[in-house]
Participant: 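Take a look at this one; I'll ask things after.
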Amino acid sequence: MPELPEVETVRTGLSRLIIDKNIISVDFDTPKSFPNTNADIERFLLNTHFIAIRRRGKVLMLDLSSGYSLMVHLKMTGQLVYRGEESFGAGHPNDSLIGVLPDKSTRVTILLDNGGTLFFNDQRKFGWMRLLPTAIIPDEPFMMKLGPEPLEESFNFSTFAAQLKRRQNTSIKAALLDQTVLAGVGNIYADETLFAAKIHPKSIVKFVPRTKLKLLHTAIKEILLFSIEKGGSTDRNYVNAEGKRGSYIDFAKVFRKENMPCPVCGHAIIKIRVAGRGTHVCVHCQKLYKETVK
DNA sequence: CACTTGACCTGTCCGC
DNA sequence: TGCGGACAGGTCAAGT
């Protein structure tokens with residue numbers, strides 16, 4: 001599912017593909033997918049061009065020359081896929097997960113002046129795309145609440161520890177998934193980083209030793225960066241801006257590895273439920289901290 | 001305020 | 001073969 005590395009991969013792809021391209025037309029299925037008025041669309045979207053593609057947490061911002069931006073959240077099954085004139089409708093036989101576009105999951109279709117098309121697909125309709133003034137994006141309630149960017153230099157260990165102070169009595173996994181603690185980690189990278197730090201996901205935050213939290217902080221940075229190198233994780237639906245898969249999942253140690261041997265100790269990885277999510281853990285390697293350690 | 005649970009959706013898989 | 005139900009998991013609203 002699109003988490004920070006997947007959204008970042010889409011961002012770099014779109015930066016390469018649609019910057020400076022002019023928007024000729026936009027078409028969408030329902031207002032839920034694109035809740036803007038026709039007047040706003042005509043004034044601030046049509047006949048403007050993309051000047052920058054930015055990311056904050058799992059949110060994408062496609063900045064336009066009109067002073068407005070398309071803000072996009074892919075949620076679980078969202079895709080932002082560009083098809084150039086040459087590849088239009090053709091798909092990619094080798095590494096594309098998707099075929100001819102538009103398909104039944106297509107919510108928004110944006111036609112560009114170079115003959116290319118930007119598709120916003122979303123099978124489960126949880127995602128959204130909307131047009132709003134670039135300047136007010138930071139004031140949006142969702143953006144206001146977001147925690148620090150884990151890959152920024154300023155996200156050092158003391159920042160991480162300070163953020164966790166607000167979630168002392170919950171599980172460490174619930175804390176990692178909380179976007180106000182840090183922005184961009186979802187189910188895959190929560191499981192993978194906790195495995196790397198040898199912390200059981202059900203561990204209560206206040207009982208996790210500082211040394212383990214330091215390992216976790218380092219693992220977050222390293223694993224997110226590594227996944228970006230691999231183009232993110234394609235578990236089911238995720239594809240990049242060209243409709244292609246990411247390969248991080250091939251390197252995952254525990255995610256979707258239930259009943260398989262732990263790569264460190266060989267014990268079987270089990271799947272449990274933590275914070276309402278499917279959670280993968282090696283109970284032999286990952287220690288459960290539920291009370292003060294002596 | 002801190003924390004947990006259910007709702008939002010649709011496609012897929014599993015058991016009968 | 002079809003059908004019901006569980007499951008997938010990001011975020012928010014409503015619950016304790």
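Labels below follow one simple rule: chain letters A, B, ... track the order of the sequence lines, proteins then strands, and each chain is numbered from 1.
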Participant: Step through the shown structure and confirm whether more than 12 heavy atoms of other residues, nucleotides or ligands are within 6.0 Å of CG on A:Asn259.
Facilitator: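 Not more than 12 within 6.0 Å, no.
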Participant: Between A:Glu3 (CD) and C:dA8 (P), how many Å, whole number?
Facilitator: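 To the nearest whole Å, that distance equals 14 Å.
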Participant: Is it true that A:Tyr289 and A:Phe207 have ring centroids separated by less than 6.0 Å?
Facilitator: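 Centroid separation for A:Tyr289 and A:Phe207: 6.0 Å or greater.
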Participant: Is any side-chain nitrogen or oxygen of A:Arg273 closer than 4.0 Å to OP1 or OP2 of B:dT5?
Facilitator: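 For A:Arg273, the contact criterion (side-chain N or O under 4.0 Å from OP1 or OP2 of B:dT5) is not met.
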Participant: Does the side chain of A:His73 get closer than 4.0 angstrom to OP1 or OP2 of C:dG10 through an N or O atom?
Facilitator: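 Checking A:His73 against C:dG10: no side-chain N or O falls below 4.0 Å of OP1 or OP2.
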Participant: Starting from Watson-Crick (N1-N3 plus N6-O4 or O6-N4) and G-U wobble pairs under 3.5 Å, report the runs of at least three that DNA chain B belongs to.
Facilitator: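 In DNA chain B, stems of three or more pairs: B:2-8 with C:10-16, B:10-16 with C:2-8.
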Participant: Quick check on side chain to side chain contact (heavy atoms under 4.5 Å, CB included): which of A:Leu216, A:Val181, A:Leu182 does A:Leu164 satisfy it with?
Facilitator: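 Filter result, single survivor: A:Val181.
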Participant: Distance check: side-chain N/O of A:Arg124 vs OP1/OP2 of C:dG10, anything under 4.0 Å?
Facilitator: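 For C:dG10, OP1/OP2 do not have a side-chain N/O of A:Arg124 under 4.0 Å.
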Participant: Would you mind reading off the distance between A:Asp122 atom CG and B:dC9 atom P, rounded to a whole angstrom?
Facilitator: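 Taking CG of A:Asp122 and P of B:dC9, I get 11 Å after rounding.
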Participant: Please work out which of the three classes, parallel, tilted or perpendicular, describes the rings of A:Phe157 and A:Phe160, given edges at 30° and 60°.
Facilitator: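 Because their plane-to-plane angle is over 60°, the rings of A:Phe160 and A:Phe157 count as perpendicular.
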Participant: For nucleotides B:dT5 and C:dC7, find the distance between their P atoms and express it as a whole number of Å.
Facilitator: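 So the two P atoms sit 15 Å from each other.
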Participant: Reckon A:Gln179 has a side-chain N or O less than 4.0 Å from the OP1 or OP2 of C:dT11?
Facilitator: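 Looking at the OP1 and OP2 atoms of C:dT11, one of them is under 4.0 Å from a side-chain N or O of A:Gln179.
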Participant: Is the shortest side-chain N/O distance from A:Lys75 to OP1 or OP2 of C:dT11 below 4.0 Å?
Facilitator: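 Checking A:Lys75 against C:dT11: no side-chain N or O falls below 4.0 Å of OP1 or OP2.
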Participant: Is the aromatic ring of A:Phe126 within stacking range of C:dT11, meaning centres under 5.5 angstrom and planes under 30 degrees?
Facilitator: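 The ring of A:Phe126 is not stacked on C:dT11.
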Participant: Mind checking whether A:His284 and A:His267 have parallel, tilted or perpendicular rings, split at 30° and 60°?
Facilitator: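 Parallel, since the angle between the ring planes stays under 30°.
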Participant: Nearest whole Å is fine: how far is B:dT10 P from A:Asn237 CG?
Facilitator: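 Whole-Å distance recorded here is 14 Å.
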Participant: Using atom P in both nucleotides, what's the gap between C:dT11 and B:dG11 to the nearest angstrom?
Facilitator: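 That atom pair is separated by 22 Å.
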Participant: Are A:Lys145 and C:dT11 close enough that a side-chain N or O sits under 4.0 Å from OP1 or OP2?
Facilitator: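 So the side chain of A:Lys145 is outside the cut-off, no N or O lying under 4.0 Å from OP1 or OP2 of C:dT11.
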Participant: For A:Lys271 and A:Arg277, find the nucleotide of DNA chain C closest to each by heavy atoms; which residue's nucleotide sits nearer the 5' end?
Facilitator: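 This one resolves to A:Lys271.
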Participant: With rounding to the closest Å, how many angstrom separate the P atoms on C:dG5 and B:dA7?
Facilitator: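 After rounding to an integer number of Å, I get 15 Å for this pair.
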Participant: Verify the cluster assignment for A:Met143 and A:Ile53: are they in a single hydrophobic cluster under the rule of side-chain heavy atoms below 4.5 Å apart?
Facilitator: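 No: no chain of side-chain contacts under 4.5 Å links A:Met143 to A:Ile53.
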Participant: For nucleotides 1-4 of chain B, print each protein N/O atom paired with a nucleotide N/O atom at under 3.5 Å, atom names and distance only.
Facilitator:
unit_1, atom_1, unit_2, atom_2, d
B:dC3, OP1, A:Asn169, N, 2.6
B:dC3, OP2, A:Arg166, O, 3.0
B:dC3, OP2, A:Arg167, NE, 3.0
B:dT4, OP2, A:Thr170, OG1, 2.7

Participant: Please report, rounded to the nearest Å, how far the C1' atom of B:dC9 is from the CG atom of A:Asp29.
Facilitator: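 Distance, rounded to whole Å: 13 Å.
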Participant: Counting only N and O atoms by type, is there a donor-acceptor contact under 3.5 Å from the side chain of A:Thr234 to the main-chain atoms of A:Tyr238?
Facilitator: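 Flag set: sc A:Thr234 to bb A:Tyr238 pair under 3.5 Å.
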Participant: From the list B:dG11, C:dC12, B:dC9, which nucleotide is the closest neighbour of the side chain of A:Lys125?
Facilitator: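 Within the option list, the nearest is B:dC9.
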Participant: Give a yes-or-no answer on whether the side chains of A:Asn187 and A:Lys173 include a donor-acceptor pair shorter than 3.5 Å.
Facilitator: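 Yes, side-chain donor-acceptor contact under 3.5 Å.
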Participant: Between A:Tyr68 and A:Thr48, does the side chain to side chain donor-acceptor pair (under 3.5 Å) criterion hold? Intermediate values first, please.
Facilitator: CA-CA 9 Å; A:Tyr68 272 56; A:Thr48 69; over 6 Å; no
Participant: Consider only side-chain N and O atoms of A:Asp235 and A:Ser233, and report whether a donor and an acceptor are under 3.5 Å apart.
Facilitator: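 There is no such pair between these side chains.
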Participant: Starting at CG of A:Asp191 and ending at P of C:dG10, how long is that distance when rounded to a whole Å?
Facilitator: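 Distance check: A:Asp191 CG to C:dG10 P gives 10 Å.
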